[in-house]
2 protein chains.
Amino acid sequence: MKISKEHNERKNEILNTAERLFSIKGYERCTVNDILNAVGIAKGTFYYYFKSKEEVLDAIIDRVTEIVIVRADKVASNPELSPIMKILYTILSMKIESEVDNEFLDQLHKPENALMHQKSLSSIVTRVTPILVKVVEEGISQGIFKSDHPAQYMKIFLTSSITLLDDGIFELNPEEQRLTLRALVALLEKMLGVEDELFWNVAKQYWT
Amino acid sequence: MKISKEHNERKNEILNTAERLFSIKGYERCTVNDILNAVGIAKGTFYYYFKSKEEVLDAIIDRVTEIVIVRADKVASNPELSPIMKILYTILSMKIESEVDNEFLDQLHKPENALMHQKSLSSIVTRVTPILVKVVEEGISQGIFKSDHPAQYMKIFLTSSITLLDDGIFELNPEEQRLTLRALVALLEKMLGVEDELFWNVAKQYWT
DNA sequence: AATTTTAGACCGACGGTCGGTCTATATTAA
DNA sequence: TTAATATAGACCGACCGTCGGTCTAAAATT
């Protein structure tokens, strides 16, 4: 049987289904045929919309990144918030569970999804760093922060946070996770030249 | 029971060839058949020695990690060196080009080798961190260093260094690379509570 | 003779291709 | 006005080459 649909409708249908399946089985273990069966389309249809399985992954990562960016931007451009709060909330906004993409972010961290993780790490670090840097510069100009290498520091902070916390790579138990988080926040304080515990005192109520 | 020296010879032969091929083509794009042809053996022989292609990768990563560890250990246990020099040399020893495994380390960083990179990152961070921590503690007990979270800091430092510098993920141009290195060293100074520029003044002559 | 090692034909699953069909909307001919 | 025809593009699924991995039998070693 043949069911015709609007181009973008079909495309999103494939994207949504693939995202769900990648979340459950992981990218590598999810077959193109799995997607076909779930969507209810034929091979040809799939390759009519995407030229490879990897292109689907890229499209999904773009979508997920976009969600993270929008959230971060919203925080960073909120005039009500001090730079300190902006930094914290932006970082928090990346961990907070959203309704839809939570499973996906979960799966991202399984060790067997190395490709998925690397692409997403790269995408998120690249896009979020400038947002954080702008906030840091705002803080510097207000005399709240002091930092010699804002851009590099934010990149380092994001990279290590995501790799160490969001990841199945290092399988941390809850206590280790707490210690890592503690150290990351302490490091952020050093990076921005604020007094010790400043961020931590605010952050700890959200995290643990 | 017969102990066949032949056995390990063959196994290493496969390992060496595979390492070379992974270095040239990357893990994913290197076929088991490529290895067979290069070694000059049949499928059956390959799978007599290794139960999967991935097991070969793991073995190679173990070998490469071992080389790094031995170098690091040698530095860390050298009584001639101050903790400051030990830290620096240990870190340097990871970047220094060795004769054989250089191509391999190069290839590690191509974006398409996500699995290879992740495994190696995990392996090296896990094994090198304790070595660095011991040096840091030595420095602390001598009153040279001051650090609240030595273990976490070293893990963060290694993770971000390897991911940002050793990687094809972020394709940095030479200038960006220099800035990143600069920030990493500055961060290390903060992590260990030494005065600014202390490490950098020593390090810069080795790096740039 | 028994055990270890080697060989390579073989397999099923996979990502991806291809020639072609179906249908809804123009376009034209009557 | 309507009926025949042409075009576009969404859709189909049989098919293909490649890959990692299996199997069984022969060869070499002890």
Side-chain angles (χ1 to χ4, degrees), chain A residues 1-22 24-61 107 110-116 118-119, chain B residues 1-22 24-61 107 110-116 118-119:
Chain A
M1 211 229 295
K2 179 166 167 171
I3 303 165
S4 251
K5 298 205 174 172
E6 207 67 36
H7 188 90
N8 265 353
E9 190 184 342
R10 187 56 107 195
K11 193 162 183 175
N12 278 320
E13 201 181 353
I14 295 173
L15 243 27
N16 293 336
T17 307
E19 182 173 330
R20 211 187 71 237
L21 291 183
F22 289 172
I24 298 166
K25 318 183 61 172
Y27 172 71
E28 312 281 1
R29 271 199 299 281
C30 175
T31 311
V32 171
N33 271 312
D34 290 340
I35 302 173
L36 306 183
N37 292 335
V39 182
I41 55 171
K43 253 303 174 49
T45 309
F46 178 92
Y47 282 98
Y48 174 72
Y49 286 96
F50 300 95
K51 56 188 259 298
S52 69
K53 184 185 164 190
E54 191 167 347
E55 194 177 284
V56 175
L57 176 61
D58 288 338
I60 292 176
I61 284 177
Q107 187 63 31
K110 296 281 174 61
E112 59 269 27
N113 290 324
L115 182 64
M116 231 161 110
Q118 183 164 314
K119 280 179 184 253
Chain B
M1 177 61 95
K2 88 168 172 187
I3 290 189
S4 158
K5 189 179 164 196
E6 218 67 54
H7 185 91
N8 267 346
E9 241 164 66
R10 227 334 162 236
K11 194 162 181 172
N12 278 322
E13 201 180 352
I14 295 173
L15 244 27
N16 293 336
T17 307
E19 182 173 331
R20 210 188 71 238
L21 290 184
F22 289 172
I24 299 165
K25 318 184 58 172
Y27 172 71
E28 313 280 0
R29 270 199 300 280
C30 174
T31 312
V32 172
N33 270 313
D34 290 340
I35 302 173
L36 306 183
N37 293 336
V39 183
I41 56 171
K43 263 278 175 69
T45 311
F46 178 92
Y47 281 98
Y48 173 74
Y49 287 97
F50 299 94
K51 56 190 259 295
S52 70
K53 182 186 167 190
E54 192 167 348
E55 193 177 285
V56 175
L57 176 61
D58 288 337
I60 292 175
I61 284 177
Q107 188 61 31
K110 297 280 174 62
E112 58 270 27
N113 290 324
L115 182 64
M116 230 161 111
Q118 183 163 318
K119 280 183 185 248

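Owing to the predicted nature of the structure, the values given are computational and were not obtained by experimental measurement. Excluded from the calculations below are hydrogen atoms, water molecules and symmetry mates; all remaining heavy atoms, backbone and side chain alike, are included. Chain identifiers are assigned alphabetically (A, B, ...) following the order of the sequence lines, protein sequences preceding nucleic acid strands; residue numbering begins at 1 within each chain.
- With rounding to the nearest 0.5 angstrom, the NZ atom of K11(B) is 10.0 Å from the OH atom of Y48(B).
- For the pair E55(B) CD and dG20(D) P, the interatomic distance rounds to 15 Å; values are reported in whole Å.
- The NZ atom of K11(A) sits 16 Å away from the C1' atom of dC11(D) (whole-angstrom rounding).
- One interatomic measurement links the two molecules: CD of E13(B) to P of dT6(C), which rounds to 9 Å at whole-angstrom precision.
- Applying the side-chain hydrogen bond (donor to acceptor under 3.5 Å, both in side chains) test to every pair with at least one member in residues 38-47 of chain B, sequence neighbours left out, gives no pairs at all.
- Under 4.0 angstrom from either OP1 or OP2 of dC11(D) there lies at least one side-chain N or O belonging to R10(A).
- Distance alone, capped at 3.5 Å, is enough to place a donor-acceptor pair between the K53(A) side chain and the Y27(A) backbone.
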Per-nucleotide protein contact along nucleotides 11-16 of chain C, 5' to 3', at a 4.0 Å heavy-atom cut-off (B base, S sugar-phosphate only, - neither), is ---SBB

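- Between the OH atom of Y48(B) and the P atom of dC23(D) there is a distance of 17 Å, rounded to whole Å.
- Distance CD1 (I35(A)) to P (dC11(D)): 16 Å, rounded to an integer number of Å.
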Residues 31-42 of chain A, side-chain donor-acceptor partners within the protein, below 3.5 Å, at least two apart:
from: T31(A); atom 1: OG1; to: D34(A); atom 2: OD2; distance (Å): 3.4
from: D34(A); atom 1: OD2; to: K25(A); atom 2: NZ; distance (Å): 2.9
from: D34(A); atom 1: OD2; to: T31(A); atom 2: N; distance (Å): 3.0
from: N37(A); atom 1: ND2; to: N33(A); atom 2: O; distance (Å): 3.3

As a quick check of understanding, evaluate side chain to side chain contact (heavy atoms under 4.5 Å, CB included) for L15(B) and F50(B), giving each step before the final call.
CA-CA 10 Å; L15(B) 244 27; F50(B) 299 94; 3.4 Å; yes

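- One finds no side-chain N or O of T45(B) lying less than 4.0 angstrom from the OP1 or OP2 phosphate oxygen of dT5(C).
- Straight-line distance from the CG atom of L36(A) to the C1' atom of dT17(C): 14 Å, rounded to whole Å.
- Under the 4.5 Å side-chain criterion, counting only non-hydrogen atoms from C-beta, E54(B) is in contact with L115(B).
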